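Labels below follow one simple rule: chain letters A, B, ... track the order of the sequence lines, proteins then strands, and each chain is numbered from 1. What you see is a predicted model, and the numbers here were worked out from it, not measured in a lab.
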Amino acid sequence: MTEATDTRPVATRGAPQAQSGRLALWGVVVLLALIAAQVYGLLESPPDRDMGHLQKIMYVHVPSAWSAFVAFLVVFVASIAYLWTGRARHDLIAASAAEVGALLTALTLALGSIWGRPTWGVWWTWDPRLTSTAVLLVVFVGYLALRAFTDDFERRARWSAVVGILGFLNVPVVYLSVRWWRTIHQVQSAPSTVDTTFAWGLRVNAVAFLLLMIYFVRERYRVASMEHLLEATIEERELRGSHGV
Amino acid sequence: MTLAPDLRRVLTIAGKDLAIERRAKANFNAVVFLAATMLLLFGFALGPDAAALRAAAAGVLWLTVLFSGSLAFNRSYQTELEEGALETLLLYPGSRKSIFAGKLLANLVFILMVEAILVPMAAVLYGLSFGDGLGGVALALVLGTIGFVTMGTFYAAMASRLRAREVLLPLLLFPMLVPLLVAAVEVTAAFMGQSPFAPTGRWLTLMAAYDVVFLLATMGAYDFVIDD
Amino acid sequence: MTLAPDLRRVLTIAGKDLAIERRAKANFNAVVFLAATMLLLFGFALGPDAAALRAAAAGVLWLTVLFSGSLAFNRSYQTELEEGALETLLLYPGSRKSIFAGKLLANLVFILMVEAILVPMAAVLYGLSFGDGLGGVALALVLGTIGFVTMGTFYAAMASRLRAREVLLPLLLFPMLVPLLVAAVEVTAAFMGQSPFAPTGRWLTLMAAYDVVFLLATMGAYDFVIDD
Amino acid sequence: MDTADAINLTGVARRFGRRWALRGITMRASAGESLMLLGRNGSGKTTLLRVLSTSLAPTRGAGTVLGHALGRSADRIRPLVAWLGHDPGLYGDLTGVENLRFSERMRRPIDGSATRDGRIAGALERVDLAAAGDERTRGYSAGMKRRLALARVLLAEPRLLLLDEPYASFDESGIQLVNEVVRAMREAGGCVVVATHDRERSAEVATRALRLEDGLLYDDELGAVSSRSAVPGVYA
Amino acid sequence: MDTADAINLTGVARRFGRRWALRGITMRASAGESLMLLGRNGSGKTTLLRVLSTSLAPTRGAGTVLGHALGRSADRIRPLVAWLGHDPGLYGDLTGVENLRFSERMRRPIDGSATRDGRIAGALERVDLAAAGDERTRGYSAGMKRRLALARVLLAEPRLLLLDEPYASFDESGIQLVNEVVRAMREAGGCVVVATHDRERSAEVATRALRLEDGLLYDDELGAVSSRSAVPGVYA
Ligand code: HEM
Ligand SMILES: Nc1ncnc2c1ncn2[C@@H]1O[C@H](COP(=O)(O)OP(=O)(O)OP(=O)(O)O)[C@@H](O)[C@H]1O
Ligand SMILES: Nc1ncnc2c1ncn2[C@@H]1O[C@H](COP(=O)(O)OP(=O)(O)OP(=O)(O)O)[C@@H](O)[C@H]1O
Ligand SMILES: [Mg+2]
Ligand SMILES: [Mg+2]
């Protein structure tokens, strides 16, 4: 059989079942990490001068933003890998990461604007970071919509890989353009640089969220590849069907 | 005696269309996020100056509804044309106006749901605060949407069967919507505290009148456009 | 030795697409009139205040180009899909990139022609006077359109083959166009004498860079999206 | 209503753009008959059936179906006629049951849902799709789709049944099913018109054979090999 | 190039979504042969032809066409193959001549337009569409469209010709035309594969008969009535 267009999942190596055990453990670790991080963030680090306890939102807002970016980076890499190898695995990883990334990005936006209301007095400003985050979200929602509307597995994988790559490349350009745009019109940017006192709280939470993100992606990937395995086995049976080759 | 069955047919058709939309859920999400994207584009096009944006907000909101919404209308006939379902649909007993009414109802629900997500989004992006004008804005939305969906469903019945449907539907539809758009924007702006002294009452009556007139007109004309 | 033939193929395909557009002239006119209608809608939506309108003019112009233009892209593949022409097209010798290049060229001509009518229209409706900025505006239009058409032709290759193409194409396309839109609006506004001190040079470089980068990227990726 | 003919056409003609698909059809058929309608591609079979189903109005000529005039009182005819065309006319995103339920709701809006679902289950049983009833029809094979369409026609219990190439994309059992349906309709006193290329199959159930040659109707022998020499058939 | 087989497949399988259209085809054919490919609806005929034409890549298995590997060196194969599918693959808004000119420009970009137009006129003559050459193909009848597509195939002068149900929607003279084309190709040393339901017609020109049963290839006798008892055909 040719490897070029071999769309069988790695799942056929029995991976998902094996994973499930390790993943469960992983999940527990993540949970503990999150609790620890939140406790640290909420208790150890002082309330902010002008934002007060509101500022604690940052401990979720920022890490979720960061881990969302990492997730989309995974999409980018996995998509390239898919176009390179044509392995179903890479497509499934990309898809899983895209879903989780979109979720976290939505969370970032929600928390961000909840945060913005009291701090900037507005829910939203056309700040480069905010807008490019929003664009990032719609790009990958488009990615997921394209997948939902494409039936043939092989085509879906190829198309969404391309869309994922181009979309990811586009975001820095968006960021840059919006920054120029704002500076021309002299609008003050989001006052969101971190004071070192919060740095540790941020770091800890960032790690926790990163673990959480990875957990979600792997879990989603496990489900996806199980579905794929199921189909693959059905296909195998149909292929070696009534006649047999 | 003949009305009751046709009423049930209307509900049956609306239910069917909505069920299909629910199944292809991706479609609703796609329209919503497309609308969100348009809101962003407007923001970039009309500059970051917050005051200017707030001033334009009502217009932007309605243009977004029009542009994204009009993409949904053709689809409600596509499902009929895919496997020759339309011919079967036309051969059922009862008045064919119930087909129009059913699809109109389904589209109305669809667009109102889109707006339910769109309006808060616009409020956030354009820094709007409705305050106690919220009820008025809601009323304007409902009245405006009824007229919009009526015309959209009607013209889509023709456009969706032509090759150039993507271009033709808005070309036929938008000019008809001008009065509705003007009124809707004015009222919405007024209730959002822009122009407090605007004669909102008169605008709302205009919209209501528009809805009634064109609802009756399209109902009457539907048999001509759907029958082959 | 292998380039020459593929170049000729590009011209052949572009010529073919344009010939078809000329035959179905209705389509070009429809798009132009639709664009005109959109200009009017913007006018009504952004209120009668002349100053506000003039300020928004550049943005409105580009949004109109985007919204009306993006309706034309799906069509350039529809003609291929109607009688299974695409399969034949894909089986011709030579690189398939020449298909992309050919369609891109045809769409470029199409959109530029639309703009040639649209811009004066906008100037009239929004009371603009380009003065000596005309050359700059033209340059901005060309640079912006190249990027717009490149992305549109590319994403339409996918969207046009799906049931939800009307919604999907703009959903995929518009987010990618944000940098282009921002730059184009800024430059156009600057040359129309709005913000005289804007660094138009930097914006134009950005647009040129965008065009080059995504032209290469889409060229490279095309084989993945067209091949089945 | 009186025991009128099921079909009674005089000089019915239908044009598409510049070409005439039907050039003047005069025919009569009564309840309990089942007509086999032959003719090569483009000869006008589908067009004739669509005229009878009221989905096309005749360009010229007049006729009655089940006693009601074509065109003028089409809405009186529609409840009594059922049509199965080239396309199954299903909604791919609905399940088989949902498709039938929709059709039944449209035909009998005031029925109780209990009786309705009972009848639907029975019909699915009959076309043996009971197993696949809850799958979306998008995944159905061509054959399954036509079976479901057949179930819809069964539920309609029409007095005039119009089948356009019903044997197409059917395996042996499907073909038998079609013929059973035709027999059942006839025994229930209905009239059936079957447009087909498959003379042998439909001969098993047909009581009379007609042949269209570009837009004109000729009569034909049931069993025979299509006879090129034929005279315009007028049944008065 | 060397005198390789025209076709040489080993275990080629192709999947669409979850279902296998081809389950493992092993076959060989050499220049000058003309194969008749039988099989009922959905058995995989079109899919096999599309794999041979390089428009579909095999999901499994490997093969060469005219000495070049499927998949890897598809662009070497494309210039040598011509395909006529269910659809004519024309542009309705272009005239017959314009359609052919487009195809020729794509195949032979550097030819002079004089020679090109000469060849086109000849081809139109041969499929006797000379009269309708300057009408838009949208107005063509199904038969005329297929004639024009046939002219395109003639102009291509391929070394492997793939015809998918070429007799469909053709009248007698059209059928003869198809068979002439097949003969001409064979005498020019090309290889022809004809997927068809019309055993009698294609038997006039075929040198060998194969039959697909859902995705598996069996050999079949040329003249005979399709024999249900058959063994997987492997030609080594
Ligand atoms: C919808 C609104 C918002 C979005 C989409 C958003 C997005 C982001 C993103 C993507 C990051 C991580 C990227 C980076 O760190 O460079 C970030 C970081 C941050 N955001 Fe937000 N944000 C929003 C609102 C806010 C608000 C209202 C505040 C509070 C003033 C805020 C404060 C911060 C801070 C302190 C960081 C830490 C990282 C840094 O400053 O570099 N954000 N935000
Ligand atoms: N909607 C239409 N528009 C234009 N011409 C049509 C239309 N429907 C049918 N025709 C023409 O009318 C003639 C009869 O078509 P019809 O479909 O009735 O033939 P048929 O006997 O059903 O053929 P088949 O055996 O292929 O089903 C054909 O020449 C066809 O081109
Ligand atoms: N593009 C596709 N997507 C999904 N399934 C397909 C596609 N093309 C073919 N199939 C499936 O593959 C199988 C073989 O199809 P194919 O068209 O090769 O059959 P065929 O022998 O050509 O039939 P026919 O005699 O009707 O032309 C069928 O079951 C069909 O449903
Ligand atoms: Mg027919
Ligand atoms: Mg086939």
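Checking Ser98(B), Pro93(B), Pro5(B) one by one against Pro109(D), the side-chain contact (heavy atoms from CB on, under 4.5 Å) holds for a single residue, Pro5(B).
Residue pairs meeting the salt bridge (charged side-chain N to carboxylate O under 4.0 Å, His left out) criterion with at least one partner in residues 164-174 of chain B, sequence neighbours excluded, are Arg165(B)-Glu166(C), Glu166(B)-Arg165(C).
Within 6.0 Å of atom CZ in Arg116(D), more than 12 heavy atoms from other residues, nucleotides or ligands are found, so the atom counts as buried in its surroundings. Summarising the local packing, CZ of Phe33(B) is surrounded by 12 or fewer heavy atoms from other residues, nucleotides or ligands at distances under 6.0 Å.
Between Asp93(D) and Arg23(B), the shortest heavy-atom contact is O-NH1, 2.8 Å. The two atoms that bring Phe102(D) and Thr12(B) nearest to each other are CD1-CG2, 3.5 Å, heavy atoms only.
In terms of modelled atom types and a separation under 3.5 Å, the side chain of Arg9(B) and the main chain of Met106(D) share a donor-acceptor contact. In terms of modelled atom types and a separation under 3.5 Å, the side chain of Arg78(D) and the main chain of Gly94(B) share a donor-acceptor contact.
When heavy atoms are compared at a cutoff of 4.5 Å, Arg136(D) approaches chain B solely by way of its side chain, counted from C-beta outward. Contact of Ile13(B) with chain D is made through backbone and side chain together, with heavy-atom distances under 4.5 Å.
Taking CG from Leu90(B) and OG1 from Thr54(D), the interatomic distance works out to 9.0 Å, rounded to the nearest 0.5 Å. Expressed to the nearest 0.5 Å, how far CD1 of Ile77(D) lies from CG of Leu91(B) amounts to 11.0 Å. How far NZ of Lys16(B) is from CZ of Arg105(D): 13.0 Å, rounded to the nearest 0.5 Å. For the atom pair Arg108(D) CZ and Arg8(B) CZ, the distance stands at 14.5 Å (nearest 0.5 Å). Rounded to the nearest 0.5 Å, atoms CG (Asp87(D)) and CG (Leu86(B)) are 11.5 Å apart.
Residues of residues 30-37 of chain D never come closer than 4.5 Å to chain B when only heavy atoms are counted.
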